[in-house]
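Residue numbering restarts at 1 for every chain, and letters A, B, ... go by the order of the sequence lines.
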Amino acid sequence: MYIKDLRLHEGKSVTLKGWAANKRESKGLVFVILRDGTGLCQCVVDASKVSEDTFTSAQQISLETSVSITGMVVKDDRQVGGYELQAEAVSIIGQSVDYPIAKKEHGVEFLMDHRHLWLRSQRQWAIMKIRNRIIYAIHQFFQEQGYVQMDAPLFTANAVEGTSTLFETDFYGDPAYLSQSGQLYGEAMAMAMGKIYTFGPTFRAEKSKTRRHLSEFWMIEPEMAFHDIFQNMNVIEAFLRHVVLAVIADCKSELESIGRDVSKLEHVTKPFPRLTYDEAVRIIKGEQDVNGQNAITSLEQELEQVIARTKEVEAEIAEREEKMKVPGMKKGEIGFNQAKIDKLKQELGDLEEAQRNIPNWLNSARNFEYGNDFGGSDETVITRLFDLPIMVYNWPHEVKAFYLKRDPGQSQFARGVDVLAPEGYGEIVGGGERETDLTLLIAKINEHQLPMDAFEWYLDLRRFGSVPHAGFGLGLERLVTWICKLPHVRESIPFPRMYGRLKP
RNA sequence: UCCUUGAUAGCUCAGCUGGUUAGAGCGAGUGACUGUUAAUCACUAGGUCCCUGGUUCGAGCCCAGGUCAGGGAGCCA
């Protein structure tokens, strides 16, 4: 019997098994908020209605103790799930002594050290439910479109992209590297199946400490034979739309409980803007407006707003601190003011952070040099102007991977495409059409100083029935982060692995 | 690797220009209360002020070096 099904059993006696998410006690009454993975339910234990043993057990329940409670299902609109259990019998399954995560705000480091327990809290629970729905939607989309799922190897002999970001391991005495991408293997399989997608972990040893980076993340990499870059963009757009709409349809309450504004996500029903690199650069530098908005001036306005808000927050903190100095304030009121001040101080810290960052971003946008790849701040600057994902294609070939096809008309460009998520989230997809010209490919491998013998098998794909093909890679955690509007990727995966974090 | 901010009770933090015995709220424990939603109220316990060295009559506070963490850059999905 699960909490989500209580409404089917109104007026009947049922048994729930779960964990105590909260407990309150009065004389002769114990209130337990039970959590079973499907929802929350308040259970009321009344001393006058149950045996002495049952009541003693109820009193012994502490935070996160696991229990089995039998009782009558009663409708009660005051409750979270709309129902309440009036207990008849209570038995403790496993005690929980001094549960570390209190009903209170905690710092990042403390929560990350207790990730194995943090996952039980409501917000993390909701995020993981959404992650699960996203994963299911991804498989649904590709399976329904006739793609074959394939697993690429995780041990590899060579780098796909830069060599500086590889984790080296010992493979029977020889160096082997944890995979940065399954794409080259995906291309091989696409020549067997037509359309494939990989779905697995990838590893990057980047010493990055930002809100967007993990050392271990899950990547979805579709590859389609007989597709060019424009068909590729069609697939990306249909795919992202399908996933977002599936989450909106099936995870309404989860999105609501984490405070996500669903109307912002609903914009994905509109066609995704497709910009060339040249256009995108003009927008970043403020030379071209988007819907009457200018990248540079709107960022300057934001900086002004941040400064104004900082003054407001500082004034409110000072005012509340002054009030608290006056003697005779009630204890409850002191607590209330203290909580407010703590919140405001946190906001103040974020605002000060923004005041340090925005001028740097403005500088980097104003001085953007044509021909460079976009940095994190450039992505933020441009995506703030849009309310749905944008696709940027035709990049200078020097800044992109060796396997991307040169544009036949303009050989300075490679047919790569990046998808940037809105609301400042940045790159979630990178992909493009693959180079089919054997000579150009060999030249590129040499140019990137990659070991030719490691790529002989890949070159075979061009020697034996080469066809135009394209594909892309989607970072699952970045997608989850955007859809949930999380402040950091670390909350988008059950146990994040990142620079400086290997436990728990 | 670089820039930047920080480390004080189990947790979140305050601690003035260096000054005697380091504080609050929450949590925990005990007690009161028959319907609570982070319940409320009273009392109690709880500290190697991150580490090492220095300046000083005196260091939680100043200086130097280190460790760990937050944010950002580079790199990337």
Gap in Å between the two [atom1] atoms, one belonging to [N] and one to [M], rounded:
N     : M     : atom1 : answer
B:A38 : B:U34 : P     : 22 Å
B:A14 : B:G25 : C1'   : 10 Å
B:U21 : B:U5  : P     : 33 Å
B:G60 : B:G23 : C1'   : 12 Å
B:U12 : B:U4  : C1'   : 23 Å
B:C26 : B:A69 : P     : 31 Å
B:A45 : B:U36 : P     : 32 Å
B:G72 : B:G66 : P     : 25 Å

Counting the atoms with a prime plus P, OP1 and OP2 as sugar-phosphate, which does [X] contact under 4.0 Å by heavy atoms, base, sugar-phosphate, or nothing?
X        : answer
A:Ile428 : sugar-phosphate
A:Gln355 : nothing
A:Gly430 : sugar-phosphate
A:Gln42  : base
A:Ser364 : nothing
A:Ile33  : nothing
A:Arg501 : nothing
A:Asp76  : base
A:Phe110 : sugar-phosphate
A:Gly426 : nothing
A:Asp373 : sugar-phosphate
A:Glu84  : base
A:His114 : nothing

Please determine, for the side chain of [X], which listed nucleotide ([options]) has the closest atom?
X        : options             : value
A:Glu109 : B:C68, B:A77, B:G72 : B:C68
A:Arg204 : B:C68, B:G72, B:C76 : B:C76
A:Asp98  : B:A28, B:C76, B:G74 : B:A28
A:Phe31  : B:C75, B:U36, B:G72 : B:U36

Ignoring hydrogens and angles, does a donor from either the side chain of A:Ser208 or the base of B:G74 sit under 3.5 Å from an acceptor on the other? yes
Can a donor-acceptor pair under 3.5 Å be found between the side-chain atoms of A:His213 and the base atoms of B:C76? yes
When you check the phosphate oxygens OP1 and OP2 of [N], does a side-chain N or O of [X] lie under 4.0 Å from one of them?
X        : N     : answer
A:Lys209 : B:G70 : yes
A:His106 : B:G10 : no
A:Asn22  : B:A39 : yes
A:Arg24  : B:U34 : no

Parallel, tilted or perpendicular: which one describes the rings of [X] and [Y], with boundaries at 30° and 60°?
X        : Y        : result
A:Phe239 : A:Phe472 : tilted
A:Phe110 : A:His114 : tilted
A:Phe141 : A:His242 : tilted

Can you list, by residue number, the residues of residues 389-397 of chain A that have a non-hydrogen atom closer than 4.0 angstrom to RNA chain B? none
Would the A:Phe217 and A:Phe203 ring centres measure less than 6.0 Å apart? no
Upstream residue (5' side of RNA chain B) when A:Pro100 and A:Thr210 are each assigned their closest nucleotide: A:Pro100
Mapping A:Lys207 and A:Glu25 to their closest nucleotides on RNA chain B, which lands nearer the 5' end? A:Lys207
Starting from P on B:G29, measure out to CG on A:Leu63 and report it in whole angstrom. 11 Å
Cation-pi check, A:Lys209 to A:Tyr499: give yes when NZ or CZ is under 6.0 Å from the six-membered ring centre and within 45° of the ring axis, no otherwise. no
Using the rule for Phe, Tyr, His and the six-membered ring of Trp, do A:Phe217 and B:A77 stack at under 5.5 Å and under 30°? yes
Side-chain H-bond candidate by donor/acceptor type, A:Ser51 with A:Asp53, under 3.5 Å: no
Residues [X] and [Y] bridged, charged N to O under 4.0 Å:
X        : Y        : answer
A:Glu477 : A:Arg131 : yes
A:Lys285 : A:Glu369 : no
A:Glu64  : A:Arg35  : yes
A:Glu491 : A:Arg123 : yes
A:Glu433 : A:Arg415 : yes
A:Arg133 : A:Glu254 : no

Starting at the 5' end of RNA chain B, write a dot or bracket for each base, bracketing those in Watson-Crick or G-U wobble pairs whose two distances are under 3.5 Å and using | for partners on another strand. (((((((..((((.....[...)))).(((((.......))))).....(((((..]....))))))))))))....
